[in-house]
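Report on the structure given below.
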Amino acid sequence: MAWSFLLSLLFAAVLIASSEKIRCYNCTSSADVPECADYKFDYKRNTTCENSCFKIKMSFTRAGIHNVTRGCNDNTTAERCTSEKTKDGTLVTCYCNSDLCNAVGDQRSVKMQSIILVSAMILFAIER
């Protein structure tokens with residue numbers, strides 16, 4: 001009986017977490033907004049998004065271009081990063097699905113890690 005209740009509760013939490021709107025940083029690095037760049041990220045402005053966040057980092061060293069764009073993705077997408085290299089530079093595009101996940105660093109979802117941790121704690125408590 002306790003198992004079915006706890007599993008139902010966990011399932012409901014997952015459904016609620018996946019249906020929420022999320023917050024994403026929304027900026028493009030430039031001379032006017034240097035705090036959006038990865039090397040000195042200190043951007044406070046964010047917006048509410050329907051689906052997921054993105055971060056696009058362009059590095060074209062020959063031309064001296066290093067640009068970062070962060071914002072809302074119009075579609076729901078799996079969390080992932082792709083990297084394209086050309087003779088002139090690199091373009092890295094990342095998508096993520098948790099609040100303010102398009103900051104600097106790893107784009108993995110904190111929600112999934114939290115769900116796994118809570119599940120493990122519940123299972124440990126039941127086993128005792």
Side-chain angles (χ1 to χ4, degrees):
M1 177 102 168
W3 267 100
S4 61
F5 174 73
L6 290 174
L7 288 175
S8 298
L9 188 62
L10 180 63
F11 183 70
V14 169
L15 286 178
I16 290 169
S18 65
S19 66
E20 294 176 356
K21 294 181 181 182
I22 63 172
R23 308 228 19 105
C24 301
Y25 289 109
N26 188 22
C27 61
T28 299
S29 64
S30 66
D32 296 333
V33 190
E35 62 272 10
C36 188
D38 274 352
Y39 69 92
K40 61 187 283 184
F41 187 72
D42 186 26
Y43 200 73
K44 305 294 186 241
R45 215 169 0 157
N46 55 70
T47 188
T48 302
C49 301
E50 293 291 327
N51 297 305
S52 59
C53 306
F54 74 85
K55 175 182 160 188
I56 300 172
K57 183 176 181 179
M58 297 181 287
S59 299
F60 299 103
T61 49
R62 287 186 185 172
I65 298 171
H66 301 281
N67 191 16
V68 177
T69 301
R70 306 167 203 274
C72 298
N73 185 30
D74 292 335
N75 301 312
T76 301
T77 185
E79 293 188 342
R80 70 179 189 279
C81 290
T82 58
S83 181
E84 297 177 41
K85 293 184 186 235
T86 67
K87 64 179 181 166
D88 297 320
T90 306
L91 175 68
V92 178
T93 305
C94 294
Y95 299 97
C96 55
N97 300 314
S98 60
D99 282 338
L100 305 176
C101 60
N102 60 341
V104 177
D106 200 336
Q107 305 297 116
R108 289 186 207 135
S109 173
V110 173
K111 281 184 189 175
M112 185 54 71
Q113 294 168 0
S114 298
I115 290 169
I116 291 170
L117 179 63
V118 168
S119 299
M121 290 170 54
I122 290 171
L123 290 174
F124 180 74
I126 290 172
E127 291 296 318
R128 295 182 103 212

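Nothing fancy with the numbering, it's 1 onward along the sequence.
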Subject >> Worked check of side-chain contact (heavy atoms from CB on, under 4.5 Å) between Val104 and Tyr39 >> reply: CA-CA 9 Å; Val104 177; Tyr39 69 92; over 6 Å; no
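- Atom-to-atom distance recorded for Thr47:OG1 and Lys21:NZ is 10.0 Å, nearest 0.5 angstrom.
- Taking OG1 of Thr69 as the reference point, atom CZ of Phe54 lies at 6.5 Å (rounded to 0.5 Å).
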**OP:** Just do the disulfide (SG to SG under 2.5 Å) check on Cys96 and Cys101 with the steps written out, would you?
**Re:** CA-CA 6 Å; Cys96 55; Cys101 60; 2.0 Å; yes
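- What you find for Tyr43 and Tyr25 is that their closest heavy atoms are O-CE2, 3.2 Å.
- In this structure Ser59 satisfies the side-chain hydrogen bond (donor to acceptor under 3.5 Å, both in side chains) test with no other residue, sequence neighbours excluded.
- Residues His66 and Met58 form no side-chain contact, since every pair of their non-hydrogen atoms from C-beta on lies 4.5 Å or further apart.
- Side-chain contact between Ile22 and Cys53: present, with at least one pair of heavy atoms (C-beta onward) separated by less than 4.5 Å.
- Cys24-Cys72 SG separation is not under 2.5 Å; the pair is not scored as a disulfide.
- Considering only residues two or more places apart in sequence or on other chains, Thr76 meets the side-chain hydrogen bond (donor to acceptor under 3.5 Å, both in side chains) condition with Asn51.
- Rounding to the nearest 0.5 Å gives a distance of 11.5 Å between SG of Cys81 and CD1 of Ile56.
- Neither side chain, Asn102 nor Arg70, offers a donor N or O lying under 3.5 Å from an acceptor on the other.
- Every residue meeting the side-chain contact (heavy atoms from CB on, under 4.5 Å) condition with Ser29, not counting sequence neighbours, appears here in chain and number order: Cys36, Ala37, Asn67, Val68.
- Atom-to-atom distance recorded for Asn75:CG and Ser52:OG is 7.5 Å, nearest 0.5 angstrom.
- Ser98 contributes atom OG, which lies 6.0 Å from atom CD of Glu79 (distance to the nearest 0.5 angstrom).
- Under a 3.5 Å cut-off, the side chain of Asn97 and the backbone N or O of Ala78 do not form any donor-acceptor pair.
- Asn26 is linked by a side-chain hydrogen bond (donor to acceptor under 3.5 Å, both in side chains) to nothing, counting only residues two or more places apart in sequence or in another chain.
- For Glu35, there are no salt bridge (charged side-chain N to carboxylate O under 4.0 Å, His left out) partners, not counting sequence neighbours.
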Distance-only donor-acceptor pairs under 3.5 Å for side chains of residues 82-91, two or more places apart:
unit_1: Thr86; atom_1: OG1; unit_2: Asp88; atom_2: N; d: 3.2
unit_1: Thr86; atom_1: OG1; unit_2: Gly89; atom_2: N; d: 3.2
unit_1: Thr86; atom_1: OG1; unit_2: Gly89; atom_2: O; d: 3.4

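- The CG atom of Asn46 sits 4.0 Å away from the CZ atom of Arg23 when rounded to the nearest 0.5 Å.
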